[in-house]
Structure formats: structure tokens, C-alpha cells
Amino acid sequence: MENATLSANLDELFYQPADRFFTSRSHVGLTFDDVTLATQYTEILPKDPHLDIRLADGLTLHIPVISSDMDTVTESRMAIAMALNGGLGLIHYNSSPREQLSEVTRVKNHVHGLIQDPITVSPEQSIGDVIEMITKRKFAFSTFPVVDGTDRLTGLLPGHVVKQRYAKRTVAEALTPRGQVHTIKQAELGADPIARADKFFTDHPGIHKLIVVDGQDRLKGLFTMSDIERISFERSAALKPARDSQFRLLCGAALAPVKQPDGSLDREKYLGQVGHLVDRGVDVVAVSTAHGHSVGVGEMVRAIRGAFPKLPIIAGNVTTAGGVDYLADAGANIIKVGQGPGSICTTRIVAGVGIPQLTALYVAARAAAEKKVAIVADGGITKSGDIVKALTLAQAVVCGGLFAGCPEAPGQIMEINGKVYKQYRGMGSVSAMKAGSAARYGHGAEISKKVAAEGVEALKEVSGSVDSVLAQLIGGIRSGMGYLGARTLEELRAKARYIQVTQAGQREAAPHDIIEVKTGNV
Ligand code: IMP
């Protein structure tokens, strides 16, 4: 018994809970690599933890990961991939309001497994033309819906007639006529289109394509059996897409603090955009700026809250308790924490401000708990261990750099000296500000030589898909939770015990004194 008490006392002395650990270090700013977490007695295996997190009423994610609202990170492709994995993407605002709306619409209308814009052919085309198109555009398929000039379905051109020997014939001569083509009305897809299509293929042996039409028989999409089989297989895996009450993928959008020529906020414009976003089904808006504890951000959040009482609002960025209070009082549900930790960020160098991220998270978390709002840790995350540490204080993380190399991020792949890269730039870099994000950093639309950039333009090596990057990150989070005996993210926050590490401790934490032949990734 005495021994047990001694052990408990020792653990308590060295491995301290957040309050004791951070308040006794109030003279120093700590970030991820400065601390490590102590293990705890566990009955939890990495497969056991639940990663669900409720960020606001009507906004629950199945993984606590959000892709950053940056123009080299999140457009519809990224947001779709994030939501399919159970997370969330925030569509950036460095585009016209109309373009941002159509990006959100793409995410909200996305039906997994449904090819929404199938390549079509027309009845007048020759089979030779179709073969030429397949070769030129390197299609790996040769079955096409046939539509007339008004997009009405007139038949299906099956792959087995797309052959050189029929090159001179027209599509009209070779197609399977409309009456024999299997279709389903868009309105009949129901809440679970994949299950509907899956059942159709089971009920119709030998049929591999199902065409979706609207009430006027206009083409609206195409299911293929191979896609549905792949998705049904993946569904049995652990990840659950993040959806709204109507079974649509979740999607967020960032808002620009639009200014009038006299410098005041253009309330009509930003509220108008929020209204359009809400009409398109947006689940959360983010008032994203470099300094959230400022009159303009407060004003904007207050106005949005007044006009849309139920809409979840993310606001930031802040690193002080006062900043959290201010945005929570203005009506934000989720506060974005991080000033200066971003991988492309130079705010601390240029302006001399910002707080190392883990200390900032602790301070913000304390204030957020009082105000009953959530916080998200934004920036500086380079590995899954950082996420585990962040989640001991915050409800979710926001990542830019970790996803910027994925094929789902906007931007072209470029080859330099045999290696492939994608562009990744800070929203406070000169080029991004010129493209529209200047207001985020408190500048007008004209970027003169006097404006100091707070971000750099960079390259990221092209990485695997969002699915594969997230699989590694989630695997790491699960391991961390297993080590701490935490079945839920709430338990992770309660069970975290910290110790500061020295530079020697940091060296010890990474592979050392070896010649690495293979990294940890599968
Ligand atoms: P990362 O995940 O470390 O690459 O950081 C991404 C985060 O950095 C974003 O979510 C923003 O909060 C922040 N950020 C984006 N652009 C800039 C910039 O130009 N300067 C400072 N911070 C930025």
C-alpha cells in the first residue's frame, strides 16, 4: 500500500496535469516539441478509441481534423476528401464569392460513387471519333451515355461496340436504345445512394452501369458497379464520412472581412455571402484573420450571429484568454488558436508577435471552458504526435502543410530535378494577398511595397492522397490515446500528464545514431 502511494506521488510530482504544468511555467512559451506526454495504465488498444467530436450544435466530426482555409489547400476536392474521412474542409476565400459558392455546392452535392459529370457522346458522332477521343484524353473506359443537344438521354454506347471495325458507323447506329438502358430517377436515390445502387447491381446480374436522370430524362449522373463495390468494401473499414442531417457531406467556408472604400466593413456584402452559403447548405463559416481580438472581427461575428442565430461560427485567430472571451461573447462557437506557428508563417519574425502553440492552447482552453466554446489548434502541426498533444487541450486541429502536397489540394504538380512538388503559400504572402487575402492581415486590396508580408511562398513534395495521409495521422492519434488509456477525446484531455523535455530529450525522441533505410510510413 505504502509502495503504491509512493508511486502515485512520484508520478504526480513528475508528470503533471495541464493546470499545474502550464501555470508553473507561466514565464515560458512552450510548443509541441517542448513537451511529451506520460503514459497511463490502459485497457485501450489503438483500434478502440472513438474520435467523434462535437464542435457546435449540429456540427459533429468523426475525426478531429480540419483542412486549412488556404488557397493552396482547400477547395472542393480537398473538402470532399476530408468529409469522406470524417473531418472537415474550410473552403478558402481567395476567389470570387460566386466561385466560393460553387465550390461549396460541389461538396454539398457530392454523392460518393456517383460520377456527376459523366463524359457523354452524341448520336451523330462516329465511332471513329469516339475512339479518337478515348486515345487523346487517355480514358480508361469506353462505355458512354448518349445524349441529345438538350442533355436528354438517348441511349448508352457500350464498350464492346467501340471498336475500329465499326469506326465508320455513327453512335446512333451502335447504341443500346433508351428503352433498354437501366436508369434511376434522381429523386429516387434516397438518403443512401450507394446502398440504392448496390441493391440495383445485385438485382440485375450482368448490368454494370446505372444511369441517373431527372424528371425530364436529362442525364444527372452515372454509377458503375466497380466504384460501388470498392466503396462498399471501404465502408466496412473504420472511417465514417462527416454528414449533415440530410446525408450530405459537411463543408465549411471562410469569410473575407470585406471592406468599403472608407475602410469600414462592408456588412451588406459579407452578410449577403453568408446568406448564399447557408442557402447552399454550408455547415459552418470561419471568420479567419491573423488577429481575431480586433474590432472588425468582433463586429463581423456579432453581425453574423445576429442574422444567423443557429449557424456554427469559427472565429480567430487568437492566443490570449481575452481574445477567446471577446470572440465567444461576440457569438463564435469555435475559436481558432494560433498566431505564428504555421509552417509558411513569418508573423513572429516580421511583427515580433505570437505565442508558442502549446502554451497558447492552454491559455485559450482555460478561457474556452469558462465560456463553453470549443477551440481548434491552427498551425504548426507536422506529425501525428503534435496532433495528440494539441488534442489534450483543443477539440480539433487545423492543418495546412500536412495536406498541401496531396493530389486533392489545388494547384499543379511541378517537377524540379526529378522530384515532384506542389505550391504551398501563406495567405499573408505577397502573391496570396494580391489574389485577395490582404484583408486577413489588416491590409487594403492594394498591396504596395510598404506592406510587410507575413507568409512565404513554398513548395511541398507531392504526398499520397488525403486518405493515406489521414490514415497515418489517425493511426498516430489512436496510438496516443491507447498509451494514455483514453477511449474518447474527452478522456484524452482529462488524462494528459505533461513533462518538459530538453534539447537532448528532443534528439532522443527522433530516430538517432542509425542509418535510416526506411521511414515509418507504410
Ligand atoms: P501549417 O499547418 O503549419 O502549414 O499552418 C497552416 C496555418 O497557418 C493556417 O491554417 C493559418 O492559420 C496560418 N497561415 C496561413 N497563411 C499564413 C501566413 O501567410 N502567415 C501566417 N500564418 C498563416
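Read the numbers this way: they start at 1 and go in the same order the structure lists the ligands and their atoms.
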Asks: If you have a sec, work out which protein heavy atom is nearest atom 9 (C) of ligand 1 and how many Å separate them, to one decimal?
Replies: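 Result for atom 9 (C) of ligand 1: Ser68 OG, 3.2 Å.
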
Asks: If the contact criterion is a heavy-atom separation under 4.0 Å, does Cys399 count as touching ligand 1?
Replies: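 Under 4.0 Å: yes for Cys399.
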
Asks: Can you check whether Leu90 reaches Ile314 side chain to side chain, under 4.5 Å on heavy atoms?
Replies: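 Side-chain contact under 4.5 Å: yes.
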
Asks: Determine which pairs satisfy salt bridge (charged side-chain N to carboxylate O under 4.0 Å, His left out) with at least one residue from residues 282-299, sequence neighbours left out, and list them in order.
Replies: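 As it turns out, the salt bridge (charged side-chain N to carboxylate O under 4.0 Å, His left out) pairs with a partner in residues 282-299, which skip direct neighbours, are Lys108-Asp283.
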
Asks: Quick one: are Thr319 and Val363 in side-chain contact, heavy atoms under 4.5 Å?
Replies: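 SC-SC contact between Thr319 and Val363 ruled out.
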
Asks: Decide whether an N or O pair under 3.5 Å exists between Val456 and ligand 1.
Replies: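 No, since none of the N or O atoms of Val456 sits under 3.5 Å from an N or O of ligand 1.
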
Asks: Which atoms from ligand 1 have a heavy atom of Thr347 less than 4.0 Å away?
Replies: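 Atoms satisfying the 4.0 Å criterion: 21 (C).
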
Asks: If we only count heavy atoms from C-beta on, is the Val107 to Ile91 side-chain gap below 4.5 Å?
Replies: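 In short, these two side chains touch, coming nearer than 4.5 Å.
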
Asks: What protein heavy atom lies closest to atom 6 (C) of ligand 1? Include the residue and the distance to one decimal.
Replies: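 Atom 6 (C) of ligand 1 sits closest to the protein heavy atom Tyr424 OH, 3.6 Å.
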
Asks: Taking distance alone, with N or O pairs closer than 3.5 Å, would you say Gly379 contacts ligand 1?
Replies: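 In this structure, Gly379 places no N or O atom under 3.5 Å from an N or O of ligand 1.
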
Asks: Backbone, side chain, both or neither: what part of Met70 comes under 4.0 angstrom of ligand 1, heavy atoms only?
Replies: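 For Met70, the contact with ligand 1 is made by the side chain alone.
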
Asks: For the CG atom of Leu59 and the CD1 atom of Ile53, what is their distance to the nearest 0.5 Å?
Replies: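 If I round to the nearest 0.5 Å, the distance is 10.5 Å.
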
Asks: With heavy atoms only and a cut-off of under 4.0 Å, state how Cys345 meets ligand 1: side chain, backbone, both or neither.
Replies: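 For Cys345, backbone and side-chain atoms both sit under 4.0 Å from ligand 1.
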
Asks: Looking only at heavy atoms, what is the nearest atom pair of Leu51 and Leu489, with distance?
Replies: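 Distance-wise, the nearest heavy atoms are O-CD1, 3.5 Å.
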
Asks: Are Asp33 and Lys383 within salt-bridge range, i.e. N to O under 4.0 Å?
Replies: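 Looking at Lys383 together with Asp33, the answer is yes, because their closest N to O distance falls below 4.0 Å.
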
Asks: Where is the nearest protein heavy atom to atom 20 (N) of ligand 1: which residue, which atom, and how far?
Replies: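 Minimum-distance protein heavy atom for atom 20 (N) of ligand 1 reads Glu454 O, 2.7 Å.
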
Asks: Can you name the atoms of ligand 1, numbered from 1 with element, that are less than 4.0 Å from a heavy atom of Asn317?
Replies: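 So the atoms of ligand 1 that pass are 12 (O).
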
Asks: I need the nearest protein heavy-atom contact for atom 7 (C) of ligand 1: residue, atom name and distance, please.
Replies: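 So the nearest neighbour among protein heavy atoms is Asp378 OD1, 3.5 Å.
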
Asks: Number the atoms of ligand 1 from 1 as they appear, then name those within less than 4.0 Å of a heavy atom of Gly401, with their elements.
Replies: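 What qualifies from ligand 1 is 1 (P), 2 (O), 4 (O).
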
Asks: Could you list which atoms of ligand 1 come closer than 4.0 Å to a heavy atom of Gly342?
Replies: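 Those of ligand 1 that fall under 4.0 Å from Gly342 are 3 (O), 5 (O), 8 (O).
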
Asks: Where on Thr382 is there a heavy atom closer than 4.0 Å to ligand 1, on the side chain, on the backbone, on both, or on neither?
Replies: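 Neither part.
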
Asks: Can you tell me which residue and heavy atom of the protein come closest to atom 16 (N) of ligand 1, and the distance to 0.1 Å?
Replies: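 Nearest neighbour among protein heavy atoms for atom 16 (N) of ligand 1, to 0.1 Å: Met427 N, 2.8 Å.
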
Asks: Knowing that exactly one of Thr60, Ile66, Val284 qualifies, which makes a side-chain contact (heavy atoms from CB on, under 4.5 Å) with Leu55?
Replies: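 Result: among Thr60, Ile66, Val284, Ile66 is the only option passing the side-chain contact (heavy atoms from CB on, under 4.5 Å) with Leu55.
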
Asks: At what distance is the nearest protein heavy atom to atom 17 (C) of ligand 1, and which residue and atom is it?
Replies: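 That would be Tyr441 OH, 2.9 Å.
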
Asks: Near Ser343, which atoms of ligand 1 are under 4.0 Å from a heavy atom of that residue?
Replies: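 Ligand 1 atoms under the 4.0 Å threshold to Ser343: 1 (P), 3 (O), 4 (O), 5 (O).
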
Asks: Can you report which non-hydrogen protein atom sits closest to atom 2 (O) of ligand 1, along with the distance?
Replies: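 The protein heavy atom lying closest is Gly400 N, 2.8 Å.
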
Asks: Is Lys336 close to ligand 1, meaning an N/O of one under 3.5 Å from an N/O of the other?
Replies: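 For ligand 1, there is no N or O atom that lies under 3.5 Å from one belonging to Lys336.
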
Asks: Between Ser429 and ligand 1, which part of the residue brings a heavy atom under 4.0 Å of the ligand: side chain, backbone, both or neither?
Replies: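 Backbone only.
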
Asks: Would you mind running through ligand 1 and noting each atom that sits below 4.0 Å from a heavy atom of Gly455?
Replies: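 Contacts of ligand 1 toward Gly455, numbered from 1: 18 (C), 19 (O), 20 (N).
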
Asks: Does anything in residues 69-93 pair up under salt bridge (charged side-chain N to carboxylate O under 4.0 Å, His left out), and if so which pairs, sequence neighbours excluded?
Replies: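 For residues 69-93: Asp69-Lys336, Asp69-Arg440, Asp71-Arg425.
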
Asks: Ligand 1 and Gly428, any nitrogen or oxygen pair closer than 3.5 angstrom?
Replies: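 Gly428 vs ligand 1: N/O contact under 3.5 Å present.
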
Asks: Given Ile344, Val73, Leu90, identify the one with the heavy atom nearest to atom 14 (N) of ligand 1.
Replies: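 Of the listed residues, Ile344 has the closest heavy atom.
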
Asks: Is there side-chain contact between His276 and Val282, with at least one heavy-atom pair below 4.5 Å?
Replies: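 Result no, sub-4.5 Å side-chain heavy-atom pair not found.
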
Asks: Working to the nearest 0.5 Å, report the span between CD1 of Ile477 and CG of Leu492.
Replies: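 Reported to 0.5 Å precision, the distance equals 9.5 Å.
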
Asks: Is the shortest side-chain heavy-atom distance between Met70 and His92 below 4.5 Å?
Replies: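 Met70 vs His92: side chains apart.
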
Asks: Let me confirm one number: the NE2-OG1 distance from His110 to Thr105, rounded to the nearest 0.5 Å.
Replies: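 If we round to the nearest 0.5 Å, His110:NE2 and Thr105:OG1 are 14.0 Å apart.
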
Asks: Does a side chain donor of either Thr31 or Gln357 reach within less than 3.5 Å of an acceptor in the other side chain?
Replies: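 Side-chain D/A pair, Thr31 to Gln357: absent.
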
